[in-house]
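Take a look at the structure below.
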There are 2 protein chains.
Amino acid sequence: MTTRRVNLNTESADNYLKAVFALGGPEEERVSSTALADRLGVAPASVTNMLQKLATSPVPFVEYESRRGVRLSAAGRRRALEILRHHRLLETFLYEVLGYPIEEVHDEAERLEHFISERFEERIDAKLGRPKFDPHGHCIPALSGKMSKQTSRPLSDIEEDGEFVVDSISDQDSVLLKRLNAHGVTPGARLHVLRLSQEEFVLRAGGRFKPLQLPLSGAGAVRIRPND
Amino acid sequence: MTTRRVNLNTESADNYLKAVFALGGPEEERVSSTALADRLGVAPASVTNMLQKLATSPVPFVEYESRRGVRLSAAGRRRALEILRHHRLLETFLYEVLGYPIEEVHDEAERLEHFISERFEERIDAKLGRPKFDPHGHCIPALSGKMSKQTSRPLSDIEEDGEFVVDSISDQDSVLLKRLNAHGVTPGARLHVLRLSQEEFVLRAGGRFKPLQLPLSGAGAVRIRPND
DNA sequence: CTAACTATTTAGGCATACCTAATTAAGTCC
DNA sequence: GGACTTAATTAGGTATGCCTAAATAGTTAG
Ligand SMILES: [Mn+2]
Ligand SMILES: [Mn+2]
Ligand SMILES: [Mn+2]
Ligand SMILES: [Mn+2]
């Protein structure tokens, strides 16, 4: 019984590795099959299947022990960061050069990230002047694969009311993103925050922006850092 | 036995339709399975299979009679032109905005043409100022699907020596394309042509360009029109 | 008119990437 | 420690898009 070698240079493998990276968090903790199934919108059985392939490839992309979740191997991490770099450079490019509305960049980048060449990556990076952050405030991994750790925290974590600077905004929910943008909640903006209750927040950005009331889930999409 | 409906919104279907369009020529003649197999680099059996799917879809993309070749239906033609528009806009964009070398635009466009959104198409079209021609001199189909017929002829067809204007250059062979470019054979260039024999041509572009000797196959890649 | 050749189609498989249903392993609770 | 509950895996199947080999149709040559 010869083990046939499978091809893992696929869009699907890219997406699994990105998901493991995202869900593992800064500590790169093990990620469960169900969490991946949830995030990727596939059945848990499909996840198990792909994880087994990713783990048993000649160059393994994940460390996987049955029923104990996965974490990325060095090769898997490299691959995830490569795709993440494509994604964030594309978002920046679509926003800056092509004038996309902020809430539309993510979906387009999500598709194209798998199909651009290294040349395309290099050319848009050059055109943009080697940007360090995407339009959501997320750090763009370097070509070398290096990426600085986040020091910000979710707005939903604050105990005290006060004034903060917007670090970054999640790109996952385009409706929320559009609303936040319309209220001036953009990376670098100064923000007055009132926590009405465990569940409700009121934000006001500087300038002529109207205040905005957000539920806990919405506040979780905004990351902040101290005001200067 | 219910006929299950197949999904034909795929990269593969795109490529078959483009190939039928290209091989059908200006008269849109029927195209044979082997010609398609050759062009697409797949087995003839694979072509038959796809043509049957394209022909029997609820909205047929081709007219197909067994062993008599195919031609595009109205819907198939629309789809082929849509992808061709993506392709040529992308080539123009890569060349003009991202500074790609001319011989590299085709392969990148060939992949991306299937994955860009209508928004992306619109934005690069706008950025480029609604161009009518790609960097190879090929006409970019309008959004409406209208495209003017070619009036040029292949350089390989000339009977007389003389002076001509370069209309367009095939993007299929990147090595040849690079060489032609280096010798000033670019769309709009004025060209002195000598036909040495049935098989050999000598071209010289205006300016400080060196003359270039080409075999019949190379001359077939250049289309010309009369000098004003 | 039939044999031979060539083009095309049919039949049967394989790989990727999904799915559902059934099974098994791991915790939790009494 | 056995009964529940939940997470995860295995088993078996589907769709796309390709393949090779075998069969067949159409065409040309004697
Ligand atoms: Mn994004
Ligand atoms: Mn993706
Ligand atoms: Mn091209
Ligand atoms: Mn293509």
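All heavy atoms count here, side chains included; hydrogens, waters and symmetry mates do not. A, B, ... follow the sequence lines: proteins, then strands. Residue 1 opens every chain. On a predicted model such as this, the values are computed, not experimentally measured, just so you know.
Of the charged side-chain nitrogens involved, none lies within less than 4.0 Å of a carboxylate oxygen, so that B/Lys127 and B/Glu122 do not count as a salt-bridged pair. Ionic pairing of B/Glu104 and A/Arg119 is present here: one or more N-O contacts between side-chain nitrogen and carboxylate oxygen are shorter than 4.0 angstrom. The existence of a salt bridge linking B/Glu121 and B/Arg85 is confirmed by a sub-4.0 Å separation between a basic side-chain nitrogen and an acidic carboxylate oxygen.
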Please write out the pairs of protein N or O atoms and N or O atoms of nucleotides 12-15 of chain C separated by less than 3.5 Å, giving the distance to one decimal.
none

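An OP1 or OP2 oxygen of C/dA7 is reached within less than 4.0 angstrom by no side-chain nitrogen or oxygen of B/Ser32. Look at B/Thr34 and you won't find any side-chain N or O under 4.0 angstrom from OP1 or OP2 of C/dT6. Side-chain nitrogen and oxygen atoms of B/Thr10 include at least one within less than 4.0 Å of the OP1 or OP2 phosphate oxygen of D/dG17. Distances shown here put a side-chain N or O of A/Ser66 below 4.0 Å from the OP1 or OP2 atom of D/dT9.
Each salt bridge (charged side-chain N to carboxylate O under 4.0 Å, His left out) pair with one or both residues in residues 34-56 of chain B, not counting sequence neighbours, would appear here, but there are none.
Between the CG atom of A/Leu17 and the C1' atom of C/dA17 there is a distance of 15 Å, given to the nearest Å. Taking atom CG of B/Leu8 as the reference point, atom C1' of D/dG17 lies 12 Å away to the nearest angstrom. The separation between B/Glu11 atom CD and D/dG17 atom C1' is 11 Å, rounded to whole Å. A straight line from CZ of B/Arg68 to C1' of C/dT9 spans 16 Å, rounded to a whole angstrom. The separation between A/Arg67 atom CZ and D/dT9 atom C1' is 5 Å, rounded to whole Å. Across the protein-nucleic acid pair, A/Asn15 atom CG and C/dC18 atom P stand 8 Å apart, rounded to whole Å.
Taking the six-membered ring for Trp and thresholds of 30 and 60 degrees, A/Phe115 and B/Phe115 have nearly parallel ring planes, at less than 30 degrees apart.
When all heavy atoms are compared, the tightest approach of A/Ala55 to A/Tyr64 is CB-CB, 3.6 Å.
For B/Glu65, the salt bridge (charged side-chain N to carboxylate O under 4.0 Å, His left out) partners two or more places apart in sequence, or in a different chain, are B/Arg30, B/Arg68. Scored by the salt bridge (charged side-chain N to carboxylate O under 4.0 Å, His left out) test, A/Arg77 finds A/Glu28 as partners (sequence neighbours excluded).
Within 4.0 Å of B/Gly41, counting heavy atoms only, lie sugar-phosphate atoms of the nucleic acid but no base atom.
Side-chain N/O atoms of A/Arg195 and A/Gln198 include a donor and acceptor closer than 3.5 Å. Checked by atom type, the side-chain pair A/Asn15/A/His114 shows a donor-acceptor distance below 3.5 Å.
Applying a 4.0 Å cut-off to non-hydrogen atoms, the residues of residues 42-51 of chain A that approach DNA chain D are A/Pro44, A/Ala45, A/Thr48, listed by residue number. A heavy atom lying under 4.0 Å from DNA chain D marks the following residues of residues 52-65 of chain A, by number: A/Gln52, A/Tyr64.
Just one residue in the list A/Ser170, A/Ser156, A/Ser152 forms a side-chain hydrogen bond (donor to acceptor under 3.5 Å, both in side chains) with A/Arg223, and that residue is A/Ser152.
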